[in-house]
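This is a predicted model, so every value here is computed, not measured. Lettering follows sequence order; numbering is per chain, from 1. Only this structure's heavy atoms are used, side chains among them; waters, hydrogens and symmetry mates stay out.
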2 protein chains.
Amino acid sequence: MANGSTEPGQSKGGKSTLASSVYQQLRDDLLRGALESETKLRVEWVVSRYGAGASPVREALNRLAAEGLLGRHDQRGFFLMPVSAAELEELTRTRCWLEERALRESIAHRTAEWEEQLVLALHRLARAERRLPDDPTTNNPEWEKLHRAFHRALIAACRSHWLIGFCDQLSDQASRYRLIAQNAPGAGRDDLGEHRIIAERALDGDADGAVEALLNHYRITAAMCMERLAQGYDPRAGKSQRGRK
Amino acid sequence: MANGSTEPGQSKGGKSTLASSVYQQLRDDLLRGALESETKLRVEWVVSRYGAGASPVREALNRLAAEGLLGRHDQRGFFLMPVSAAELEELTRTRCWLEERALRESIAHRTAEWEEQLVLALHRLARAERRLPDDPTTNNPEWEKLHRAFHRALIAACRSHWLIGFCDQLSDQASRYRLIAQNAPGAGRDDLGEHRIIAERALDGDADGAVEALLNHYRITAAMCMERLAQGYDPRAGKSQRGRK
DNA sequence: ACGAAGTAGAATCTCGATAAAAAAAGCTGA
DNA sequence: TCAGCTTTTTTTATCGAGATTCTACTTCGT
């Protein structure tokens, strides 16, 4: 499949290859929004940045392109997929469709194991700081991981690794938009509270309630990103620069 | 994204690369079930079969693995994903979830253009022969293409290229199972009739009816494949060999 | 000046060879 | 006979150079 963190190949003891290593690093940087200043990814550039030959780099780029994280034109190399309001809307719409189905199935087939993993994921998320303690302007990568883990735990019991993979893929895309927009704490938004409500309702078997909370969660986030996006966003700026009246 | 026939890169006039060419051929052979006798894809083997260097072949394999059409283990190469009853069931389940949503959205947002493309796709499918005229034991690749095109036309108006891509991906997987099982004409199954009913209801705006017919269509197909699968299936046999009492 | 054709430069893509790893075969000693 | 180790063979993964293609700039003609 084309998901991310379930990336096979090096998982079970096997030594990782250079291609996989570059793939992993590039992917992390991509989701972290660290490469948004580039519009095109020249292989020579990637080669010098991650210290590997052209062949492994090329393989990594091919994988990422197949996943939809990069674009590719034959004889014209690889490029970062452009962001747009329309794409964000379509993304959010699709995400809501898939996550709703996944969450309902997950709740319908929940097990003790699933419940435990869910409360665990919520607990860990609650413990983490969203922003870096020393630099409150940048996001905490650790929190991002736990956030992703929480949402995956929610749908883990849906009995379809395909659906889980698709949701992961969309989650990656959304993550990119969130970090591009430097999704600030939002005027008094209660992140943790939202997650807690979703989890509680899911654990209670309240499918309709959980779905409502979850979709709301996604839509609010998307709306905030959309705002920044409309406010004028320049990919070439390292840090977000708002208010360009 | 990780879909198939919408494979970018060579679409608009641009000369195709060797890697893309190998990707395309390998993918066709894969979906056609022509490689089911192999369990492992050695790069040297692929190189000699498709006439290209190791680098482009390797890139093609990486793309296919990212799409889920192949498996990969670092330092251990690429292999054909094994087939199993459990996997087929999960696949069918997921497919029904996604296609239902896609079809409902497509019908809800249908346009004149969509309707025309749909009747066109149906017409073409009706014209094609399912089996090769000269050799009725093998499927007609042309029919396969048109069949796929019909199902894509159904959901084309769903307003999400993501969802369309996911459905394509699942369709590819299902296609593999169908062709592995050499899905025979089935004891008096009316393929064309089923497709016609789906299209008619969709065109009438009868979402519930269309969805019911579509899901039934998928489930019947899956059930037939499952039968062959349970009947004992040996990947190493060129032609299907039934009845191994 | 403006647009088309031509030309240097840069980037992608591909090949052949080499290094590294895994699988297979052979060997030894109970 | 067989488990465990060593050697050989096979296969994968990587590098560096070269061929092909694209891009941007210059030049020429109207």
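- A:R27 contributes atom CZ, which lies 6.0 Å from atom CG of A:L69 (distance to the nearest 0.5 angstrom).
- At least one side-chain nitrogen or oxygen of B:R76 sits closer than 4.0 Å to the OP1 or OP2 atom of C:dA23.
- Closest to the A:Q75 side chain, of the nucleotides D:dC22, D:dT12, C:dT14, is D:dC22.
- Straight-line distance from the CD atom of B:E59 to the C1' atom of C:dC15: 13 Å, rounded to whole Å.
- Atom-to-atom, CG of A:D74 to P of D:dC22 comes out at 10 Å; the value is rounded to the nearest Å.
- Counted by atom type alone, B:E129 and B:N140 present zero donor-acceptor pairs between their side chains at under 3.5 Å.
- A:A54 comes within 4.0 angstrom of nothing in the nucleic acid, heavy atoms only.
- To the nearest angstrom, P of C:dA11 lies 14 Å from CH2 of A:W45.
- For B:K40, counting side-chain heavy atoms from C-beta on, the closest listed nucleotide (C:dA11, C:dG16, D:dT12) is D:dT12.
- Tested against B:F78 for a side-chain contact (heavy atoms from CB on, under 4.5 Å), the candidates B:L64, B:V57, B:L61 yield a single pass: B:L61.
- Protein atom CZ of A:F79 is 16 Å distant from nucleotide atom P of D:dC22, rounded to whole Å.
- Atom CG in A:L18 sits roughly 12 Å away from atom P in D:dG16 (whole-Å rounding).
- If B:S55 and B:L41 are placed on DNA chain D by their nearest nucleotide, the residue sitting closer to the 5' end is B:L41.
- The nucleotide whose nearest atom lies closest to any side-chain atom of B:P56 is, among D:dT11, D:dT14, C:dT14, C:dT14.
- Atom CG of A:L61 is separated from atom P of C:dT12 by 9 Å (rounded to the nearest Å).
- Taking atom CD of residue B:E44 and atom C1' of nucleotide C:dG16, one finds them 12 Å apart after rounding to whole Å.
- In this structure, B:H73 atom NE2 and C:dA23 atom C1' are separated by 15 Å, rounded to whole Å.
- Checked by atom type, the side-chain pair B:Y23/B:D28 shows no donor-acceptor distance below 3.5 Å.
- Taking the six-membered ring where the residue is Trp, A:H147 and A:W143 present parallel rings, their angle staying beneath 30° rather than reaching 60°.
- Closest to the side chain of A:T17, out of C:dC15, D:dT14, C:dA22, is D:dT14.
- For A:R42, whose side chain is taken as the heavy atoms from C-beta onward, the closest listed nucleotide among C:dA11, D:dT11, C:dC15 is C:dA11.
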